[in-house]
Amino acid sequence: MSPDRYQSLANSAFGGAVTKRLGLPKPPLLERHEPGKPLVSAPVALGAARGGRLEEPVREVLRGLDAHVETDVGSVDGRGELAALLFDASGIDDSVRLRSLYEFFHPLIRALRPSGRVLVLAAPPEDSAGVRGATAQRAIEGFVRTVAKEIGRNGSTAQLVQVTSGAEGAMESTLRFLLSARSAYVDGQVIRIESGHLATPADWDRPLEGRTAAVTGAARGIGEAIAETLADQGAEVLCIDVPTAGEGLSEVANRIGGTSLTLDITGSGAPAALADHIRGRHGRIDVFVHNAGITRDKTLARMSPEAWDAVLDVNLSSQERLNDALLGDGLLGEGGRIISVSSVSGIAGNRGQANYATSKAGIIGMVNALAPVLRERRATANAVAPGFIETAMTAAMPVTAREAGRRTSSLVQGGLPVDVAETIAWLASPASGGVNGNVVRVCGQALIGA
Amino acid sequence: MSPPDRRPVAILGGNRIPFARRDREYAGASNQDMLTAALDGLVSRFGLQGERVGEVAAGGVLKRSRDFNLTRECVLGSALSPDTPAYEVQQACGTGLETTIHVANKIALGQIESGIAGGVDTTSDAPIELNEDLRRLLLDLNRTRSTTGRLGLVRRLRPGQVVPALPRNEEPRTGLSMGEHQAISTKRWGIGRAEQDEIAVESHRRLAAAYERGFFDDLITPFLGLERDGNLRPDASIEKLAKLNPVFGDGAGATMTAGNSTPLTDGAAVVLLSSEEWAAEHSLPVLAHLVDAETGAVDFVHGDDGLLEAPLFAVPRLLDRNALGLQDFDFYELHEAFASQVLMTMKAWEDPAFCSERLGRDEPFGSIDRGKLNVTGSSLAAGHPFGATGGRIVGTLAKLLTERGSGRGLISICAAGGMGVAAILEREA
Ligand SMILES: NC(=O)c1ccc[n+]([C@@H]2O[C@H](COP(=O)([O-])OP(=O)(O)OC[C@H]3O[C@@H](n4cnc5c(N)ncnc54)[C@H](O)[C@@H]3O)[C@@H](O)[C@H]2O)c1
């Protein structure tokens, strides 16, 4: 039974008729990654505004994917024929030329099949020449976010990928992720790619082969899914959680062939214990995922100092101390990845979550500030900000809040832990060295904070 | 001393489930469930999924007959490679340490590179045997072919025969329970009530403190919702213990209570041992080495020695063989079957008469600094699932030595049947 009963109901013959009559949205069934399935299973269309620099590198990646690029887009007239629409907008240097977006997408948008993908490749506005260039490039964001809202009911997503000049060769892991079913619940995002230290994996299904990853809060929920997904993609995973969660933790570690470390990350000895463990058992760590997090919700006036302290310590301060230990002792290897789990609440704020939202916004500040430091070390720091994810935590929410959380996104449903995990795995890939200092929401384009 | 071709045996770590009091959290768990959980916890800490370990040796005292291949069944149900062989040892309360010695010896001889040792016991899911009369009748019935013969046998059935025989914690040759035996020794050695209660309070206090500082974080994996030993009473006090009535012995000299005797407990514990090479290949830090061990027994049936007095003799033999004195240790782990057993052991080694007459020594064997005795608590606080205690102690002592950086530790465990098992662990600087 899916955790989302309404979704099952709305997709049944009888329930579908009822929900339609009531004018309720029908949550689409999102395609998710299945091993062995081709990454792009239908033709794609690729267009470009004149003067762009990204069409060729994109075509190159599509070739590697064995994707069939529809050359005669004029022949596409039916619905649901295309798996993806890609457009190189990097050449747009003036608002009047934004029309090329309309011209490419207007005739094709209906041809996008369910769980289809729209990708617009562009330049970071601040890198663009002149006021007009920057204006035009910034305008693209509004276009993409709107397209995402219009195609969400179909389970389709749209993203804007801004590629700095010189980073054209750093796009592959991101294009693969965004085109694939692995990005099912990532929607309406702006992702920035710069040139970085990259390594092309021998096997794109297992890019983390030979890498060691650590995940905090791995005993259950999203952390469990992260540990599983990283292991699935080849990583040796060190699963960390508090001693009282040891039973679940050891089950997870045994299932994925990883190891378990029981550690309260807030303990005063935790950074040293972690450093010792990594040094003794693994030598170094390539990917560190800060996932452990807690909530102690109360409106500010009612919030106890303990609730404030506990949330800030688990969700933010302990991460800073662990990072210091990892970086200070040189335990994060070359090409290392620090990935931290923020939250949409950290972007938008949330009533009753002054402590939580502060901590989660702090994470955004932390990865932004760490990014240049890690770039020097040929490593990266990024954050993911989940929206409503179906876990034990959200299952315990009051019904109205839970329903609101699910339905107020373009994809009209909550995400699954694996959606967050897949996003983290993409950031963790050795091929994602060009993605640094990004905060990627995994929220189905939730309305809040958007 | 060790012959030169003996390889060092490394202790890499331990894992146990919290011990539960009888008929509490683990009432529905079998020996197999508990031992498998302890194994799986160890496997996850050390990343041994799918690993073919040299052997797994473990055992339990209270076992059901269907568990004839208990340890192997646990291995098959665990995340270890199914190609890992396993066997059982039953040596009463000495089981967990005896299995450690077996595995260590095979590693020392180069027969295996790695092994897991330990034990388990349930007093909740205990075997219940048929009444002996009924059992004989059923066996006869099975052997009889003719219907009339069978009917004749069935007519022999009496209501009293349907009452099952519950497992008894008593020595078959004396009919006395372990506590009753120890009560005799307690009296003979003149061990008082207050000093026993003190040992018990200290055990609870030290175990609680060890939990508080996270000492057990990498030695215990919660099971069935239990996170700490169910018997632990951090607030135990002399005053509270003084109120309990004696349960063993009789008359004015009865000093042994439920507070200074170990309760019936359920649980499992295992330790990981290996050669130096195997540890290095697996990037697993060595916590300590098992230096030597000695198992002994006394004739408690006909002789003067008490049921739990074998360690009094086994430990001196072990130390003599290793040219060590009782003072050459940084930690002493004397299993607290009863507080009086620990006190009696220390008293005997300080007693010139006993040491000269029974141990043949010119000087007393020596005293033990209480500050180095059972520093993170022992069985009085943690509980004592018979087969699991050895594994608990080996894991604990190896970690204590790691924390200290270097040093030597002594383990002494008394066992039913008049037996005792002792071992020396060491961590070089
Ligand atoms: N579920 C959602 O909808 C959602 C939305 C946004 C963000 N998040 C974030 O995702 C992360 C995981 O959330 P989840 O829903 O899986 O929660 P969860 O409560 O199911 O899991 C959190 C895990 O972290 C562990 N943990 C807590 N404190 C710890 C400490 N001091 N040391 C080590 N481990 C500790 C817990 O034991 C638990 O296993 C959290 O950071 C949460 O804030 C979740």
Side-chain angles (χ1 to χ4, degrees), chain A residues 210-216 218-220 223-224 227-228 230-232 235-285 318 331, chain B residues 12-18 25-26 29 33-34 36-51 75 77-81 210-229 268 270 272 279-287 399 402-403 405:
Chain A
R211 310 209 110 206
T212 308
V215 181
T216 65
R220 64 175 207 192
E224 174 180 3
E228 258 170 10
L230 296 182
D232 225 48
E236 190 183 320
V237 183
L238 169 58
C239 306
I240 302 171
D241 212 303
V242 290
T244 51
E247 190 171 2
L249 186 69
S250 100
E251 272 165 32
V252 172
N254 284 344
R255 193 169 63 237
I256 67 169
T259 56
S260 64
L261 171 66
T262 38
L263 184 76
D264 181 341
I265 54 169
T266 62
S268 57
L274 177 75
D276 280 353
H277 187 90
I278 291 174
R279 203 178 295 111
R281 298 279 290 271
H282 304 281
R284 55 155 223 289
I285 201 89
S318 66
L331 291 172
Chain B
L12 306 183
N15 182 63
R16 67 175 178 100
I17 56 174
E25 292 83 354
Y26 303 165
D33 296 337
M34 293 191 289
T36 306
L39 273 176
D40 273 339
L42 189 83
V43 166
S44 84
R45 286 188 201 284
F46 295 95
L48 303 177
Q49 302 88 1
E51 180 94 27
V75 167
S78 78
L80 286 169
S81 161
Y211 269 112
E212 281 315 310
R213 71 182 176 91
F215 179 80
F216 293 112
D217 285 0
D218 57 359
L219 288 173
I220 291 183
T221 303
F223 182 55
L224 301 182
L226 188 61
E227 292 164 3
R228 292 184 175 192
D229 302 314
V270 290
L272 177 63
E281 274 163 28
H282 288 73
S283 300
L284 296 174
V286 174
L287 304 190
K399 172 133 188 225
T402 307
E403 279 191 337

(message) Given 3.5 Å as the limit, does a donor-acceptor pair link the side chain of A:N254 with the main chain of B:A79, or not?
(response) no
(request) Flag the pair B:K399 and B:D217 as a salt bridge only when some basic side-chain nitrogen lies within less than 4.0 angstrom of an acidic carboxylate oxygen. (result) no
(message) Counting C-beta onward and ignoring hydrogens, is there a side-chain heavy-atom pair between A:I240 and A:L274 closer than 4.5 Å?
(response) yes
(request) Kindly compute the distance separating CG (A:L238) from OG1 (A:T216), expressed to the nearest 0.5 Å. (result) 10.0 Å
(request) Identify whether the distance between the nearest side-chain nitrogen and carboxylate oxygen of A:R281 and A:E236 falls below 4.0 Å. (result) no
(message) Can you tell me which of A:G280, A:G246, A:P243, A:S260 forms the most heavy-atom pairs within a distance under 4.5 Å of chain B?
(response) A:S260
(request) Nearest 0.5 Å please: distance from the CE atom of B:M34 over to the CZ atom of B:R16. (result) 12.5 Å
(request) May I ask you to list the residues in residues 39-46 of chain B that approach chain A closer than 4.5 angstrom, counting heavy atoms only, ordered by number? (result) B:D40, B:G41, B:V43, B:S44, B:R45, B:F46
(request) Considering only NZ, NE, NH1 and NH2 on the basic side and carboxylate oxygens on the acidic side, decide whether B:E212 and B:R228 come within less than 4.0 Å. (result) yes
(request) Heavy atoms only, distances under 4.5 angstrom: which of B:E227, B:H282, B:Q49 has the most pairs with chain A? Name it, please. (result) B:Q49
